[in-house]
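The structure under discussion appears below in the form of structure tokens.
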Amino acid sequence: SCSPGSTRILQVSRCLFPGETGANTMVFTFNPDGSDIRLLPTNPQWGTDGGHPNWHGDGRHIIRNIAVAGKTRLCQWRLDGTGFRVLSEEIEGGGHPRIEPAGRWVVTDAFEHDGAQWLTLRLIDLKTQREQRLCRIRTIDRRPLKDDLAKVRRLDGHPTWSRDYKQVLFQAAPAGRRQLFVMDLGKIVG
């Protein structure tokens with residue numbers, strides 16, 4: 001994905017080696033012309049848990065879920081891999097986090113399964129260390145599907161901020177059809 005301002009590209013690479021398990025996930029950033037390739041932190045920061053790296057709204061940092069001391073936490077570091085830090089020791093990470101440029105508000109998704117898949121949209125205020133559930137929406141009913149097909153039809157919300165950071169866009173399929181939803185958060189985030 002391109003950074004805000006289109007100055008860097010974030011690339012996730014997964015590969016399987018013969019006789020090994022796991023995806024050997026690596027994350028790189030580089031200039032749009034392919035120069036200045038940087039490998040972001042690997043073990044112990046990467047580890048085997050966590051995921052979903054995204055650009056920080058400031059265009060200079062990456063935000064990601066990482067297992068820290070056995071708990072999933074929202075973390076960030078500079079686009080060159082330096083400056084690693086945990087954003088909240090109190091609030092559990094998860095989903096597909098996106099953060100606005102000032103670094104206060106994070107929007108992410110979470111899932112519950114009771115045969116159907118439920119998407120919950122979460123808003124995290126890093127200044128007050130509080131989170132709120134914005135909505136819960138049924139997304140894909142997995143009950144009538146065989147396990148392999150259900151995995152293919154999984155639909156993550158992938159929330160993202162609008163350009164003015166007042167709205168959140170996310171996807172779901174409450175009626176079995178993939179749809180794009182827009183939620184206005186202007187009164188909450190200012």
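Values in this document were obtained by computation on a predicted structure and should not be read as measured data. Reckoned from all heavy atoms, side chains included, excluding hydrogens, waters and symmetry mates.
Figure legend: cation-pi geometry between R98 and W161 absent, as NZ or CZ is not positioned both under 6.0 Å from the six-membered ring centre and within 45° of its axis.
A heavy-atom distance below 4.5 Å is not found between the side chains of F181 and P159. Looking only at side-chain heavy atoms (C-beta outward), D125 and W105 come within less than 4.5 Å of each other.
When all heavy atoms are compared, the tightest approach of H158 to D109 is N-OD2, 3.0 Å. The shortest non-hydrogen separation linking P4 to G59 is CD-CA, 3.7 Å. The two residues P97 and L74 come nearest to each other via the heavy atoms CB-CD2, 3.6 Å. Residues I91 and Q129 share a closest heavy-atom pair of CD1-C, 3.5 Å. Nearest heavy atom pair, residue G103 against residue L126, reads O-CD1, 3.4 Å. What you find for L79 and I62 is that their closest heavy atoms are CA-CG1, 4.3 Å.
With Q76 contributing its side chain and H61 its backbone, the two residues share no donor-acceptor pair below 3.5 Å. Checked by atom type and distance alone, the side chain of R73 pairs as donor or acceptor with a backbone atom of E89 at under 3.5 Å. Between the side chain of S88 and the backbone N or O of E90 there is at least one donor-acceptor pair closer than 3.5 Å. Under the 3.5 Å distance criterion, the side-chain polar atoms of N65 are matched with a main-chain donor or acceptor of G94.
Taken from NE2 in H56 to CD1 in I99, the straight-line distance is 4.0 Å, to the nearest 0.5 Å. Rounding to the nearest 0.5 angstrom, the gap separating the CD atom in Q167 from the OG atom in S162 is 4.5 Å. Rounding to the nearest 0.5 Å places CD of Q11 at 10.5 Å from CD1 of I37. To the nearest 0.5 Å, atoms CH2 (W118) and CZ (R136) are separated by 5.0 Å. Between atom CG of residue D80 and atom CH2 of residue W77 there is a gap of 12.0 Å, rounded to the nearest 0.5 Å.
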Test side-chain contact (heavy atoms from CB on, under 4.5 Å) applied to T29 and I9, step by step: CA-CA 5 Å; T29 66; I9 295 174; over 6 Å; no
Check against side-chain contact (heavy atoms from CB on, under 4.5 Å), V106 and L123: CA-CA 6 Å; V106 176; L123 181 67; over 6 Å; no
Verdict with supporting geometry, F170 and M183, side-chain contact (heavy atoms from CB on, under 4.5 Å): CA-CA 8 Å; F170 63 98; M183 181 180 293; 4.2 Å; yes
Verdict with reasoning, L39 to F28, per side-chain contact (heavy atoms from CB on, under 4.5 Å): CA-CA 5 Å; L39 173 64; F28 299 90; 3.8 Å; yes
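With hydrophobic clusters built from ILVMFWY side chains whose heavy atoms lie under 4.5 angstrom apart, V86 does not share a cluster with I63. At a threshold of 4.5 Å between side-chain heavy atoms, the hydrophobic network of Ile, Leu, Val, Met, Phe, Trp and Tyr places F84 and L40 in one connected group. Side-chain heavy atoms closer than 4.5 Å link hydrophobic residues (I, L, V, M, F, W, Y) into clusters, and following such links, even through other members, never connects L169 to L121. The hydrophobic clustering, which links ILVMFWY residues whose side-chain heavy atoms are closer than 4.5 Å, places V189 and V107 together. When hydrophobic clusters are built by joining Ile, Leu, Val, Met, Phe, Trp and Tyr residues whose side-chain heavy atoms come closer than 4.5 Å, directly or via intermediates, L134 is grouped together with L119.
Side-chain polar atoms of R64 and N54 form no donor-acceptor pair below 3.5 angstrom. In summary, the side chains of R133 and T120 do not present any donor paired with an acceptor at a separation below 3.5 Å, with no hydrogens or angles considered.
Every residue two or more places apart in sequence or in another chain that forms a salt bridge (charged side-chain N to carboxylate O under 4.0 Å, His left out) with R122 is listed here: E131.
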